[in-house]
Visitor: 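Before I ask anything, let me first share the structure, which is written out below as structure tokens.
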Amino acid sequence: MTILENKELLEIFFSEAEDLLQKIEKSLLALEETPADPSLIQELFRAVHTMKSSAAMVGFDRLSEYIHILENLLDRLRKGQLPSSQSLISHLLNSQAVLRSWIEKLAKAEPISTSELENQKEKLTRFLGLDGKEKPADLSAPIKEKETTKKYYRISMVFNEDLFFSGQDPLLLLQELQDLGEIIKVEADVSNVPDLKELVPFSLYLSWKCLFAAQEPISTIEKVFCFVKEEHSIVIRDVTREFPEGIDRSLADKRIGEILLEEGLIKTEDLQEALQEQKKIGQVLLEKRMVTSEALSQIIAEQGKSRDFLRKSTIRVDTQKLDHMANLMEELSVNLSRVSHVLEEQGSLSSGILMEEMERLEQNIREMREQVMGVRMFPLEGTFQRLQRMVRDLAVEQGKEVKVGIQGAETELDKDLIEQITDPLKHLIRNAIDHGIESPAERMNSGKSSQGLLEINAFHREGKIFIQVRDDGRGLDEEAIYKKAVENNLIPPGKRPSSAEMHHLILLHGFSTARTVSEISGRGVGLDVVQEQVSRLGGLIDITSEAGLGTTITLRLPLTLAVLEGLMIGVGGESYLVPLSSVLAVREVRSKDIKTIEAQEEVLYFEDIYLPAVRLENVLKISGSQGNGHKIALILDSQRRRFALLADQLLDIRQVVIKGMETHFRSVPGVAGGAILGDGSVCLILDIYGLDHLIFGN
Amino acid sequence: MPGNILIVDDSPTLRASIGFCLQNAGYEIFEAINGQDGLEALTRLKEEGESVSLIITDMNMPVMDGIRFIKEVKDTPFRFIPILVLSTETQEELKKEAKRLGASGWLLKPFRPEQLLWAVKKFIR
């Protein structure tokens, strides 16, 4: 639709233009008589102004441009910035004549020559003291620069209460947004709505937040609000980065209740009420009809998508690849030390530069090794959170009041280790709540607060990870443990062990002193499961307990399962690695130190007692051992017992990267896995706990 | 049935071109030649049972200019009818004053038909 093609409209314009030209002429002639009459100048101005607009409206842009300059000139005259001189008036009369001639040309559909137009414009601008380049400003046209990718915007609309008085309607703004893209969600803030008696119906008390997706650039979105953005608070933020592939990244980390609250689907009070229930928040809200099941399942679905995305945004790397990298790092270290050794022998290292470079190389390799290992490390946070939740659930179930204290959740641990330590930790926590923390009544009776405290702490020490589960409950009942241990033939009667030894008895197989079988623990699995798992991970368990004050169980774990520090021993020309965590001492022994009792079992005298002495070649059925000559005895603690393992030589102490055994090797008892050494040879890693079972049976 | 629009402008060209453009878009157009005429038109239309969805008004008009017109409208039951102000870039002060008085939006003259429709659609759906 171009207006220029509309004949009727043009006729209206030309007849109006004729009127205006006459008005202009009349005013100018009157001005010659009374040059400074403001009403005459105003009249003149208005006529020129109207003509300018009209000309532009019908599409006579160049004519309008000329009149625009004329208008500016008159504006200055009106404001007294230009003297109303005779020369100016005669000049204006000339302009009027020029205008008339042009309009007559246009009416006959003849063009105005460009040179004439420019010529006349220049004459006017000379009066104005402006250069002629001034252009009518571009209008706020909604020019669309289409973009192909979807953008996400968060739009906050906070209006003044008097919005309706300016004829605006927030609904229309939202509808206009909807024309441009997709309003993903809108949330109205009703918190400012006053009580009914104070409510003014013409006032706006609501504000809105909306999440909006469109292909339009932000400038287009801003134009929707062009009439309100100055007086009201409209904030538009491009949040496309938060929505990779259209999925809200932020949802993954939030709790359902939090999201529902943000979406305005529930109120804070609802949430707090529901949280009291100690059940799944969504379920409680559903039961109480605080939220519809549709809304809830939608939120859960969106959250699921978000979590899936996060999973995608991290790179999954086969741990075997990491292990391989770690292996290569080890090999590099070995190679480097060999090179260093050779250079030293040649005396080349005395050269300062070479020495410096070698040191730098060593440092780089060390750092890189740490980095490779670091990739496997994750904070314990997630696990601790789950445990915290479990404590809450268990406490409610048993009618106990338990406060959870968590420390060191940021402590990082090998991912595999985290997975494998979660179950033992759960077990310890169940145990602490079942047997450790008393009922509120019992606690009150013993002068404690009714609320028990369960602390879960993690920290680094001595290159190991310590995880502690500490309760302030009744402590271990040494008497009951002693009785039970004697009953089950775990210790000989009459000889009462020390407190520390007694505490460790609870880790033994089939041990449970619980008087009543609770719903959670006491399913026939005792703490021996924990013991077994922790040993398998190369860790140790420490128990301290004081009657009436509580129990602390500490797990000492290696930082990673991938790297193991061990003693390398040689038997029959093969090398084996014994995890250092199990080794109490190393002794050089001669055949006469090893005694045979009952013509069968060999024993070694160690720190006032005789320990069973076991030859590795016998256990693993290896031939080629040096037999009865000079031997090395490793005093080992399998956590079930102490024993001496006899080998031919002590070769080295080293860190190795554990290689998982192939499937058909996995069932080999007493062998935890393999490691590839710097020279490419393979060495088996011994599993001391498994070895114990292999030697002594269950 | 998009709605009734009252155009208040002393220029017949303006009224005709705005009317032409809006009629094409399906709006019903009523015209007034100045503010005074505009107020009378509002009352008359109401009596005839017509409701006005939007007022488009010029600023510079004889008898009653745009500013006075807006002021008057805001004193009547028509105060919630959105008012679109036509102004030029030289009238920045007027535009501010109009906004202060409760004008809903503005359009700089000269404008193209699509700009007019875009502005009108912000008030009539």
Side-chain angles (χ1 to χ4, degrees), chain A residues 1-3 6 8-17 19-20 42-43 45-47 49-61 64 68 71-72 75 136-143 162-169 171-173 175-176 179 202 223-228 230-231, chain B residues 9-21 23-25 53-55 58-62 65 70 73-74 78-91 96 98-119 121-125:
Chain A
M1 172 181 59
T2 54
I3 287 174
N6 187 300
E8 200 185 334
L9 197 61
L10 283 177
E11 270 165 30
I12 296 172
F13 168 72
F14 289 123
S15 89
E16 184 193 9
D19 275 0
L20 292 171
Q42 181 62 29
E43 219 168 277
F45 176 82
R46 188 186 295 147
H49 174 79
T50 305
M51 193 157 164
K52 182 191 83 169
S53 301
S54 297
M57 283 305 295
V58 291
F60 294 141
D61 291 344
S64 174
H68 178 69
E71 187 192 10
N72 279 348
D75 193 41
D138 190 26
L139 288 164
S140 51
I143 298 159
D162 63 359
L163 180 82
F164 295 131
F165 287 91
S166 61
Q168 297 286 354
D169 185 345
L171 181 64
L172 290 178
L173 293 170
Q175 282 176 340
E176 193 172 343
D179 291 346
F202 299 127
K223 280 199 182 110
V224 171
F225 301 98
C226 72
F227 293 149
V228 291
E230 281 169 36
E231 290 82 5
Chain B
D9 199 315
D10 57 332
S11 157
T13 307
L14 255 290
R15 291 200 304 272
S17 51
I18 292 171
F20 170 73
C21 166
Q23 267 164 349
N24 270 1
S53 310
L54 175 68
I55 299 167
D58 193 17
M59 283 285 100
N60 251 312
M61 291 180 290
D65 65 13
I70 295 171
V73 169
K74 292 291 168 185
F78 306 117
R79 69 172 68 94
F80 293 116
I81 301 176
I83 301 175
L84 185 63
V85 167
L86 304 178
S87 64
T88 57
E89 55 191 303
T90 53
Q91 297 172 319
K96 274 189 194 153
K99 268 171 71 179
R100 197 185 60 75
L101 292 171
S104 314
W106 50 93
L107 206 53
L108 288 185
K109 289 187 289 186
F111 42 82
R112 294 193 300 273
E114 62 268 24
Q115 292 172 319
L116 173 69
L117 285 172
W118 169 76
K121 276 191 191 141
K122 290 177 91 56
F123 303 102
I124 306 177
R125 310 275 312 183

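Every chain is numbered from 1, with letters handed out A, B, ... down the list of sequences.
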Visitor: Should the pair B:Arg15-B:Asp10 be classified as a salt bridge under the 4.0 Å nitrogen-to-oxygen rule?
Guide: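 No.
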Visitor: I'd like to know which of A:Ala17, A:Ala55, A:Ser64, A:Ala56 tops the heavy-atom pair count under 4.5 Å against chain B.
Guide: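 Maximum pair count with chain B is reached by A:Ala56.
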Visitor: Side chain, backbone, both or neither: which part of B:Ala103 has a heavy atom under 4.5 Å from chain A?
Guide: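 The backbone, not the side chain.
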Visitor: For the residue pair A:Ser54 and B:Ser11, confirm or rule out a side-chain donor-acceptor distance under 3.5 Å.
Guide: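 Present: a donor and an acceptor within the cut-off.
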Visitor: Quick one: what part of A:Asp179 sits under 4.5 Å from any heavy atom of chain B, side chain, backbone, both or neither?
Guide: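 Just its side chain gets close to chain B.
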Visitor: Going by the side-chain contact (heavy atoms from CB on, under 4.5 Å) test, name the single residue among B:Ile55, B:Ile124, B:Leu54 that passes it with B:Pro82.
Guide: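 For B:Pro82, the side-chain contact (heavy atoms from CB on, under 4.5 Å) test succeeds with only one of B:Ile55, B:Ile124, B:Leu54, which is B:Leu54.
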Visitor: What part of A:Glu231 gets within 4.5 angstrom of chain B, counting heavy atoms only: side chain, backbone, both, or neither?
Guide: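 Side chain only.
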Visitor: Mark yes or no for whether B:Lys109, through its side chain, and B:Ser87, through its backbone, hold a donor-acceptor pair below 3.5 Å.
Guide: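 No.
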Visitor: Between chain B and each of A:Phe165, A:Phe13, A:Phe14, count heavy-atom pairs under 4.5 Å; write down the option with the most.
Guide: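 Ranked by heavy-atom pairs under 4.5 Å with chain B, first place is A:Phe165.
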Visitor: Tell me which of these, A:Asp61, A:Asp162, A:Leu172, has more heavy-atom pairs under 4.5 Å with chain B than the rest.
Guide: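 It is A:Leu172.
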Visitor: Could you go through B:Glu114 and B:Leu117, starting from their C-alpha distance and side-chain angles, then the distance that decides it, and tell me whether this counts as side-chain contact (heavy atoms from CB on, under 4.5 Å)?
Guide: CA-CA 5 Å; B:Glu114 62 268 24; B:Leu117 285 172; 5.5 Å; no
Visitor: Would you check if A:Phe227 and B:Ser104 make a side-chain contact, meaning some heavy-atom pair closer than 4.5 Å?
Guide: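 Contact flag for A:Phe227/B:Ser104 side chains = no.
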Visitor: Is the centre of the B:Phe80 ring less than 6.0 Å from the centre of the A:Phe164 ring?
Guide: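 Between A:Phe164 and B:Phe80, which both carry aromatic rings, the centre distance is not below 6.0 Å.
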Visitor: By a 4.5 Å heavy-atom criterion (distance strictly below it), what part of B:Leu84 contacts chain A: side chain, backbone, both, or neither?
Guide: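 Side chain of B:Leu84 only, per the 4.5 Å heavy-atom cut-off to chain A.
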Visitor: Can you tell which part of B:Lys99 gets under 4.5 Å to a heavy atom of chain A, answering side chain, backbone, both or neither?
Guide: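 Looking at B:Lys99, just its side chain touches chain A.
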Visitor: Below 4.5 Å from any heavy atom of chain B, which atoms of A:Val224 appear? Answer side chain, backbone, both or neither.
Guide: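 For A:Val224, heavy atoms of backbone and side chain both lie under 4.5 Å from chain B.
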